[in-house]
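A short write-up of the structure that comes next.
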Amino acid sequence: MKKSVISLVVLSILGATAPVHAVTYHDPVVEVEAGLNNFGAGIDNWEEQHLGAFTYPDAHLYHKHAYIMNNEANKAPMVKSPTQVDITQVKVFGGTKMMDLYSFMRDRANIHNFVLMDSQGRIMAEDYWNGTDINTANHAMSAGKSFTSMTSSIAVEKGYFKMSDPIEKWIPEFKGTPLEGATVQHFADMRSGVRTIDAEYDDTNGYHWSMGEWSTWDWSMPLAAGYNGFDKDANGKLINKKGAHGRLDGIEDFIKVLGQNVKLGNKHGEGYNYKCVNTEILGVVTERAVKKATGLTFNEFMEKELWTKGGFQTPLAVYSDLNHGRMPYSGGVNPTARDFALMAQLMANEGKNFKGEQLIPKWFVEQVRNGDDEVKAAWKYKDNQEQIADPEGFYTNQFRTVHINGRKISAMVGVNGQFNVIDWKTGNTLSIFSSFGKPSGPSMIATFFNVIDGAFSAAEQAQAK
């Protein structure tokens, strides 16, 4: 597909609809799908590891998608920091010898683009590879979970619901199930106890919720959200793809299946166990509470309270399900690199935007930065494989907080090297999009910790001169 097709789509959104603050919904762009098909890629297989360099940039275009609008009159200034970091001159260990950070990031970490900002939101370093640029909407994978929780925190601050609410208050489908009695906070912290689904599966019709070292979901959940497109019925009408539990119509259908079949791995609140459905449940709670209080959808609320106020440069592209206008809350956002950086800046600056206005509540930022005894104990639970990153780390509110060579960071993390990182010591932030070939696991952790440590150390040293 020619680049001009994507350019025309971007221009139509930025030019035609940007002045109007209203979420807009769009069908997949058939030319984009056809172009990817030339390289053996497309909606059916876009997550396969060897295709990420093709499929992660502007991934929303071959999905059903929505645009959550920004405010063109309220954009944060994008200026260079007086302290610049030349990553070609930064040395990091490359496995067999020292090498420059530029080459390590581009060639070994498969990074598509990155932005390094100082504590005042000024750009210290930035680059774009793999055909991307400042307008590319990059798929954030699970780093998008933090977008959901940050939006949820605003609703909590407005009094629409409480993190201490029992989950069945907002999801009555969980009454009488093993999930009854868990709090919303338990789901936000991946401490709900959700472990697996008790069901016999036909692998030609769906996939097990496999309990391998890094497994995170039952495939029926993303199929219900249109993550891999749709089928057509005999009359040519679009329908959801069929998974192990049939054709589920959106996440609300899946949570009914979850409640009926879930098996817990631990008591509510006891252990950290990373399952994407926790974020979906947090999103549904927020959606229902916001709808009850304001009549707005989650997307509309996010636009009104976050995306038009945060200084963002472009509309936020999000995946959308077939019938409900709902994004996958656990991984549906596609921000530009600079807007990704501005989300990290909100956290680094105590929840305030570039004008000093409080958007994200301070208590939320404080929880992410320091945690509490419960989340720290949950991280140490017997089978948390992520302890390899930092035995003293923790997970709360859809953020990981760990130490790298003594440097305390919090991060939004995606499975293929999507990292949005806050350095609490300096207030600097590093925002990365990648298609790293090994999802999660020790190799990814070592690779990106090497990048993060190299970039933050170089920035701190440059600022000290």
Side-chain angles (χ1 to χ4, degrees), residues 23 144-195 197 217-218 220-221 224-225 248-262 264 267-270 273-306 318 320-321 323-332 360-361 363-364 367 374-375 378 395-399:
V23 178
K145 289 178 167 66
S146 308
F147 284 52
T148 297
S149 66
M150 290 169 74
T151 304
S152 297
S153 76
I154 299 172
V156 172
E157 185 69 8
K158 289 181 176 295
Y160 300 158
F161 70 96
K162 297 178 180 178
M163 298 300 288
S164 59
D165 284 343
I167 196 63
E168 63 271 16
K169 176 177 179 178
W170 298 104
I171 304 186
E173 296 95 325
F174 288 163
K175 287 183 178 179
T177 77
L179 296 174
E180 184 175 2
T183 67
V184 178
Q185 188 69 59
H186 288 152
F187 290 90
D189 297 343
M190 303 284 179
R191 295 188 292 129
S192 66
V194 171
R195 186 66 185 231
I197 284 182
W217 66 12
D218 178 293
S220 294
M221 186 186 79
L248 303 181
D249 183 19
I251 189 61
E252 288 181 314
D253 269 6
F254 180 76
I255 62 177
K256 294 174 185 176
V257 171
L258 177 73
Q260 294 163 2
N261 299 283
V262 69
L264 303 186
K267 298 176 182 177
H268 303 318
E270 182 180 28
N273 198 274
Y274 186 90
K275 298 295 177 186
C276 292
V277 73
N278 286 287
T279 321
E280 297 295 331
I281 291 167
L282 175 63
V284 171
V285 168
T286 307
E287 169 191 321
R288 291 179 177 181
V290 166
K291 190 77 171 179
K292 180 180 180 181
T294 70
L296 297 175
T297 66
F298 184 97
N299 289 355
E300 290 166 343
F301 180 75
M302 185 180 190
E303 180 180 89
K304 179 176 183 286
E305 299 296 342
L306 178 59
V318 301
S320 184
D321 64 8
N323 296 315
H324 307 286
R326 180 187 294 120
M327 74 166 84
Y329 296 124
S330 59
I360 307 301
W363 58 261
F364 180 89
Q367 285 179 353
E374 289 187 4
V375 297
Y395 185 102
T396 189
N397 292 330
Q398 310 287 298
F399 282 80

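Numbers for residues simply follow the sequence, beginning at 1. For the numbers below, each heavy atom of this structure counts, side chains included, while hydrogens, waters and symmetry mates do not.
Between G250 and H324, the shortest heavy-atom contact is CA-CD2, 4.3 Å. Here the closest non-hydrogen pair linking Q398 and S146 is O-OG, 2.7 Å. Between E168 and G181, the shortest heavy-atom contact is OE1-N, 3.0 Å. Heavy-atom minimum distance, M190 versus K275: SD-O, 3.3 Å. Considering all non-hydrogen atoms of both residues, L296 and V290 come closest at O-CG1, 3.6 Å. Closest of all the heavy-atom pairs between L264 and S192 is CD2-O, 4.3 Å.
E180 places a side-chain N or O within donor-acceptor distance of the main-chain N or O of G176, the cut-off being under 3.5 Å. Not one N or O on the side chain of T177 forms a donor-acceptor pair closer than 3.5 Å with the backbone of Q260. Checking side-chain atoms of E300 against main-chain N and O of T297 turns up a donor-acceptor pair under 3.5 Å. Remark: side-chain polar atoms of S149 are paired, donor with acceptor, to backbone N or O of N397 under 3.5 angstrom.
One distance of note links OH of Y395 with CG of N278; it measures 8.0 Å at 0.5 Å rounding. To the nearest 0.5 Å, atom CE of residue M150 and atom CE of residue M302 are 8.5 Å apart. Here the CD1-OG1 distance, from I251 to T279, works out to 10.0 Å after rounding to the nearest 0.5 Å. Separation of atoms CZ (R191) and CG (N273) is listed at 13.0 Å; rounding is to 0.5 Å. With rounding to the nearest 0.5 Å, the separation of CG in D321 from CD in E252 is 9.5 Å. Note that CG of D249 and CG of D253 are 5.5 Å apart. Values are rounded to the nearest 0.5 Å.
At least one side-chain heavy atom of F301 sits under 4.5 Å from a side-chain heavy atom of I154. Residues V184 and F161 are in side-chain contact: their nearest non-hydrogen atoms beyond the backbone lie under 4.5 Å apart. The shortest side-chain heavy-atom distance between W170 and I281 does not fall under the 4.5 Å cut-off. For the pair K162 and V156, the minimum side-chain heavy-atom distance is 4.5 Å or more. Using a 4.5 Å heavy-atom threshold, the side chains of L282 and K145 count as separate. Using a 4.5 Å cut-off on side-chain heavy atoms (C-beta onward), P172 and R288 make contact. Considering only heavy atoms from C-beta on, E280 comes within 4.5 Å of M221 through its side chain. Using a 4.5 Å heavy-atom cutoff, the side chains of W363 and S153 are in contact.
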Tell me, with the steps shown, if L179 and L258 meet side-chain contact (heavy atoms from CB on, under 4.5 Å). CA-CA 9 Å; L179 296 174; L258 177 73; 3.9 Å; yes
Please step through side-chain contact (heavy atoms from CB on, under 4.5 Å) for the pair D165 and T183, ending with a clear verdict. CA-CA 5 Å; D165 284 343; T183 67; over 6 Å; no
side-chain contact (heavy atoms from CB on, under 4.5 Å) between F298 and T286: does it pass, once the steps are laid out? CA-CA 7 Å; F298 184 97; T286 307; 3.8 Å; yes
Mind running side-chain contact (heavy atoms from CB on, under 4.5 Å) on Q185 and Q367 for me, showing each step along the way? CA-CA 11 Å; Q185 188 69 59; Q367 285 179 353; 4.2 Å; yes
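A salt bridge links E287 with R326: the distance from a Lys NZ or Arg NE/NH1/NH2 to an Asp or Glu carboxylate oxygen falls below 4.0 Å.
Ring pair H268/H186 is parallel by interplanar angle, where below 30° counts as parallel and above 60° as perpendicular. Ring geometry for F174 against F187 counts as parallel: the plane angle stays under 30°, on a 0 to 90° scale with 60° as the upper cut.
Of the N and O atoms on the side chains of K291 and Y160, not one donor lies less than 3.5 Å from an acceptor on the other residue. Side-chain atoms of E303 and N299 form no donor-acceptor pair, as typed in the model, at a separation below 3.5 Å.
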